[in-house]
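Worksheet for the structure shown next.
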Amino acid sequence: MRYELTVGLRYTRARRRNRFIGINSAVSMIGIALGVWLLIVVLSVMNGFQKEVRTRILGVVSHLQIVSDDNRLSDWQTVAKTVAQHPRVVATAPFVQAQAMLSSGQAVRGAVVRGILPEQEDKVADLSRHMRVGSLDALRPGEFGVVLGADLARALGVLHGDKIALIAPQGVVTPAGVIPRLKQFTVVGVFEAGIVDADAGLALTHLRDAQTLYQMGDAVSGVRLKLDDLFAAREVGRELLGRLPRNVYASDWTRSHANFFRAVEIEKRMMFLILGLIVLVAAINIVSTLLVAVKDKQADIAILRTLGARPGSIVQIFMAQGMVLGVVGTFAGVVVGVITALNVDTIVKEIESLFSIKFLSKDVYLIPDLPTDLQMNDVVWIALTALVLSFLATIIPSWRAARVNPADALRYE
């Protein structure tokens, strides 16, 4: 072991005549460990919430949609066959989507009506697992059944088997004027995806019934796709546009909820900066610790210089002392943070049981548990940030130690 590292390690331990340096060193290590631990746990919980919401969104929104500019895709079978040849496309499903008014008694609500083929829709979305009453298979052509979001069904005051009136904006021209198209539907199911837009404003019906209601013939609004990697949606969309007619365009799942995902990303960055201040304060504490150590060790520095130690060696001694504090603190924070992030649900349940409290009540929050998603790239970035701040904190004290004049330091010894 190089003597610079040996001396630096010895300086991290407290002596009886000056315990302040040892206490300050311990505080610095604890501060870095605390900051790293909090960063890992908080970012893991935020990743968990983001993953949970993304899963719920993809329960009603496909990875990628191929739609026409006039909401009328006539040759959709050819389009579906073309996009299915892409190696990343797992499944396809046609759909019809339009606005409508739903009425039951005195209750009237606006909604998005989506016509689907149940057997194909299950391959591109996970809506079936969000069904609370009935199933998508109950949607049969010609029977005019409808599956409503839970909030929408509650607002209309309808249950399974009730009748509702669906009013389409496309009207029928008569001598008395334009009369809206009205058709009675039967509620055959209710779903609850946990997404407000879907639960309060989405109604599902069979594709053939939607085509009849909106007078679309054999045309559809577009084709929904499922990919082997949801994060490749934007890239696959660009590649598919080169194979498709010019009157169609691709819309991926990130665009349909762009504001939400952008807000979550900004929130993560701000949380990283805010909690990173803890690590920064601990790094500044390393500066004060090393400055005190340099003042206390002036005689040792002078003796080393008279024995032939170069200024660069003195710099390395105090850098080693500071980096030991940073490395130990970072390592401890990473270990405790990873263990905590992997067991957040268990820890939270124990705290709730111990103090008889509930952090996320089912009556208030859509996600009643604390989901976590520990991502190693976050852990690596947090650890590197802590180590870099620790290294920067050693530069000024080490530089001052190298400038100590041996004659001045030993004059009164």
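Predicted, not measured: the structure shown is a model, and the values here were computed from it. Values below: all heavy atoms of this structure, side chains included; hydrogens, waters and symmetry mates excluded.
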Between CD on residue Q50 and CG on residue L43, distance to nearest 0.5 Å = 11.0 Å
Do NZ/NE/NH1/NH2 and the carboxylate oxygens of R224 and E121 come within less than 4.0 Å?
-> yes
Does a side-chain heavy-atom distance below 4.5 Å link S390 with I286?
-> yes
Just wondering, do Q99 and V113 contact through their side chains at under 4.5 Å, heavy atoms?
-> no
Taking the side chain as C-beta and beyond, is there a heavy-atom pair between H86 and R243 under 4.5 Å?
-> yes
Heavy-atom pair with the smallest gap, counting every atom of I116 and P118 = O-CD, 3.5 Å
H63 (side chain) donor-acceptor with L227 (main chain) under 3.5 angstrom = yes
Might you work through the side chain to side chain contact (heavy atoms under 4.5 Å, CB included) test for T205 and R114, ending with a clear yes or no?
-> CA-CA 6 Å; T205 186; R114 181 184 298 165; over 6 Å; no
Residue pair V188, V146: steps toward the side chain to side chain contact (heavy atoms under 4.5 Å, CB included) verdict | CA-CA 6 Å; V188 297; V146 64; 5.8 Å; no
Flag side-chain contact, heavy atom, 4.5 Å: L136 against M131 | yes
Output the distance between atom CZ (R154) and atom CG (D199), rounded to the nearest 0.5 Å.
-> 8.5 Å
Supply the atom-to-atom distance L102 CG to L148 CG, rounded to the nearest 0.5 angstrom.
-> 6.5 Å
Mind running side chain to side chain contact (heavy atoms under 4.5 Å, CB included) on V379 and L374 for me, showing each step along the way?
-> CA-CA 8 Å; V379 176; L374 182 64; 3.8 Å; yes
Give a yes or no on this: more than 12 heavy atoms of other residues, nucleotides or ligands lie within 6.0 Å of atom CD of E119.
-> yes
Nearest-0.5 Å distance that lies between atom CG in L202 and atom CD in Q97 = 7.5 Å
Heavy-atom closest pair, residues M323 and L387 | CE-O, 4.0 Å
Should we say atom CZ of F331 is surrounded by more than 12 heavy atoms from elsewhere, each under 6.0 Å from it?
-> no
Are any of the side-chain heavy atoms of V187 and L159 separated by less than 4.5 Å?
-> no
Spacing of CD belonging to Q375 relative to CG belonging to D373, to within rounding of 0.5 Å | 4.5 Å
For a side-chain contact (heavy atoms from CB on, under 4.5 Å) with I66, tell me which candidate from L225, T82, T92 qualifies.
-> L225
When every non-hydrogen atom of V158 is compared with those of S104, the smallest separation belongs to CG1-OG, 3.2 Å
Quick one: does L64's side chain get under 4.5 Å of L240's, heavy atoms only?
-> yes
Is there a side-chain contact between V67 and L73 (heavy atoms, below 4.5 Å)?
-> no
Got more than 12 heavy atoms from elsewhere within 6.0 Å of CG, L241?
-> yes
Just by modelled atom types, is the G322 backbone N or O under 3.5 Å from a matching donor or acceptor in the T394 side chain?
-> no
Looking at A198 and F191, what are the two nearest heavy atoms and their distance?
-> O-CZ, 3.7 Å
Taking every heavy atom of I32 against every heavy atom of V279, the minimum-distance pair comes out as O-CG2, 4.5 Å
From D209 CG over to L166 CG, what is the distance, rounded to the nearest 0.5 angstrom?
-> 10.5 Å
Taking all non-hydrogen atoms of both residues into account, name the closest pair between R72 and A219 and its distance.
-> CG-CB, 3.8 Å
Report yes or no: is the cationic atom of K183 (NZ for Lys, CZ for Arg) under 6.0 Å from the centre of the six-membered ring of F144, at an angle within 45° of the ring normal?
-> yes
Report the C-alpha separation of E143 and T186 in whole Å, then their side-chain angles, then the decisive distance to 0.1 Å, and conclude whether the side chain to side chain contact (heavy atoms under 4.5 Å, CB included) test is met.
-> CA-CA 8 Å; E143 295 185 4; T186 304; over 6 Å; no
Mind checking whether F95 and Q65 have side chains closer than 4.5 Å, heavy atoms only?
-> yes
For S62 and W253, run side chain to side chain donor-acceptor pair (under 3.5 Å): C-alpha distance rounded to whole Å, both residues' side-chain angles, the deciding distance at 0.1 Å, then the answer.
-> CA-CA 6 Å; S62 59; W253 63 276; over 6 Å; no
Could you tell me whether D218 and R208 have a side-chain N and a carboxylate O separated by less than 4.0 Å?
-> yes
